[in-house]
Protein chains: 2
Amino acid sequence: MRVTLKDIAREVGLSVTAVSRALNGHKDVSEATRARVLEAARRLNYYPNSIARGLVTQRSGTVGLFSVSFTQSYSIMSDPFAAELVDAILERFGETGYDVLWFSRSRIEKADSYVALAVQRQIDAAIFLGLRTDDHRFAELRTIGIPLVTVDVPIDVENAVCVGCDQVMGAYAAVSHLIEMGHRRIAYISGHWHAPVSHERREGYMKAMAEAGCPVRDEWIVEGDFSRASGKRSMERLLALDPRPTAVFCASDLMALGAMDAVRAHGLRVPDDVSIIGFDDIREAAEAQPPLTTVHQPRHLLGKAVADTVIEALREGGSWKGKGRILLEPKLVRRATVAPVRDGGASAAG
Amino acid sequence: MRVTLKDIAREVGLSVTAVSRALNGHKDVSEATRARVLEAARRLNYYPNSIARGLVTQRSGTVGLFSVSFTQSYSIMSDPFAAELVDAILERFGETGYDVLWFSRSRIEKADSYVALAVQRQIDAAIFLGLRTDDHRFAELRTIGIPLVTVDVPIDVENAVCVGCDQVMGAYAAVSHLIEMGHRRIAYISGHWHAPVSHERREGYMKAMAEAGCPVRDEWIVEGDFSRASGKRSMERLLALDPRPTAVFCASDLMALGAMDAVRAHGLRVPDDVSIIGFDDIREAAEAQPPLTTVHQPRHLLGKAVADTVIEALREGGSWKGKGRILLEPKLVRRATVAPVRDGGASAAG
DNA sequence: TTTGCCAACTTAAACGTTTAAGTAACGTCA
DNA sequence: TGACGTTACTTAAACGTTTAAGTTGGCAAA
């Protein structure tokens, strides 16, 4: 039923090898023969079987996309930043002919092994989204033996690259902006501490505060989990403080949106009473009321960088060594959730 | 380097066949032997090569997920409804051991053939998201020869099933609700007409209007493309009408959100001046200001139904015949964007 | 004792490719 | 003339599985 090289070979009266070589553009076939083969292939509706090819070449032509657990929430696509990033990665791969096998959280948990999935499916490279440093399968990655690209999680293996934005710089820019607006009591709603970005953004926050001579109080740093609900919860804790912070830097737009919910629920206003700044610049940030000031991460470039890194690794074959880290530049986007501080940040507030 | 059956066979002093049968649970191996094989497999870190297996069994153990073009917008994940649906599908598949090969829009466009991708990758079944009736590859689907599951696009082939909500019912419920609130001049902002759901929702709209004896004017039916921007554009056209509609039923939450933007931009208020109702109940609907009244589509059940249908087809093998259509029930979710009409819908308004 | 059967294996072929190695025909050059 | 190349092929093996068809030895039934 299925059309194979053998069918074409029979059709044009050649060996299977000759047909294979004609189709693959080798130069030891005459042009006349190649034309006949091509014609027959198209007439019979032949498409090469990548499974058979993979068996002999030892490369499947697929890359595995592991979406581990960006947030606490149900799964990865509920995080708009992840969704848009995935989008960009897939679009780029689509242009190349590599296909992407998607390993969802439940699949990963069922197999309980990255290596098992990688070996079984013979993927040529792996991309990790939402990898957590407390993942008990982390050590396994050392033995996986194929190019590895993680997003925002540096990992010290030779065949790995971490692609991401400069988180320290992004956070620094955000907090500096708040400081320029006169804020001094600035809080940081972080993502969970098992995400390296949470620490890096904290570092940028601390740096900006230190340079401005603003003391940082422990209770201004609250751990969320990147989700909107956690942003709201965290903001509630901050609003209970006396004096309360006049501005909050959130480690995700979702948390910033949640924080705005909390501010509103308290009968206060953004940015009049509290300035809020987010991170990511997801679609909803611009659409929020008021539009959210945030740190833009160039998702499309990130996705392209991820895909291009993988593609380069695949082309180079075994000789490829990871480049450590690829850092893109984030950019502050000023919208409407940051205002100059009203009381100079010196007096108490209730 | 790679551990194969041969390695295990050598290790335990058996033939490759015996090892294969032991691992696959055939009953013609002694329990003692099976135990030795299992032990060796685990000790050597053996994982079956699904490529080799696929070559002989003629089934790859993968299903193709084709995300064609839900909306006009860049790609599928920018549509929250699609993203959440995909999520549910992937999570369900993860529990089964089937793996999902994701064909993005660019991949589909590059190959320009569903059959080519299906045959090359030997996928066992295909899922179509965002298929449009004006897709020039539509006819191809007839010859694809594997189980086919589409979301919201009925397709008349024996090996296909369409999974989706009852769109007519959902639209009918939405418009009836508006009518109950006293509205009579009700507009419909549709998705593009190449999506069958646009027509089905229109049917529900017409049915509710007809039953209530409300005349429908041509200019009340506007074509968008499901995106927020198109919702805004469409609403602007409706606001220019005299008398303008007092309520609008939108074929997606995104368009409803866009419509709300337009209303606000006109200095009018939702729901005081215009009632708005959406479709889908994406996460942002509940979070909007004011929270959006909409028709909830049970994404999780939809995703599960899609996956379960595929899994069933795969288990049944060649004997499987599509069941035509699986219809789930949508449900109206009353939030805060619908209010009783102020002028009874009879007088003119500016 | 022979026959037959069963359990527990092994052998060999097959899946659809790619590729290393071989070959036949033909031309070229010394 | 013969050695050597080149061109355009073919042959055969391999990739790692599964599976149909044998094979062996032991045991029960006749």
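Basis for what follows: all heavy atoms, side chains included, without hydrogens, waters or symmetry-related copies.
Applying a 4.0 Å cut-off to non-hydrogen atoms, none of the residues of residues 110-122 of chain B approaches DNA chain C. Proximity of residues 11-23 of chain A to DNA chain D (heavy atom under 4.0 angstrom from any strand atom) is restricted to A:L14, A:S15, A:T17, A:A18. Within residues 39-64 of chain A, the residues approached by DNA chain D to less than 4.0 Å at the level of any non-hydrogen atom are A:L55, A:V56, A:Q58, in residue-number order.
For the salt bridge (Lys or Arg N to Asp or Glu O under 4.0 Å) test, no residue two or more places apart in sequence or in another chain qualifies with B:R53. With sequence neighbours left out, the ring pair (Phe, Tyr, Trp, His ring centres under 6.0 Å) criterion links A:W320 to no other residue.
A:T17 and A:S15 share no donor-acceptor pair across their side chains, judged by distance under 3.5 Å alone. Between the side chains of A:D112 and A:H136, at least one donor N or O lies within less than 3.5 Å of an accepting N or O.
Taking atom CG of residue B:D28 and atom C1' of nucleotide C:dC6, one finds them 12 Å apart after rounding to whole Å. Here the P atom of nucleotide C:dA7 and the NE2 atom of B:H26 are 16 Å apart, to the nearest Å. One interatomic measurement links the two molecules: NZ of B:K27 to P of C:dA8, which rounds to 12 Å at whole-angstrom precision.
A parallel orientation is assigned to the rings of B:F66 and B:F128, their planes being inclined by less than 30° (bins at 30° and 60°).
When the C1' atoms of four end pairs are superposed on the next four at each end of the helix from C:dT1-D:dA30 to C:dA30-D:dT1, using five pairs per end, the two resulting axes differ in direction by 60°, to 10°.
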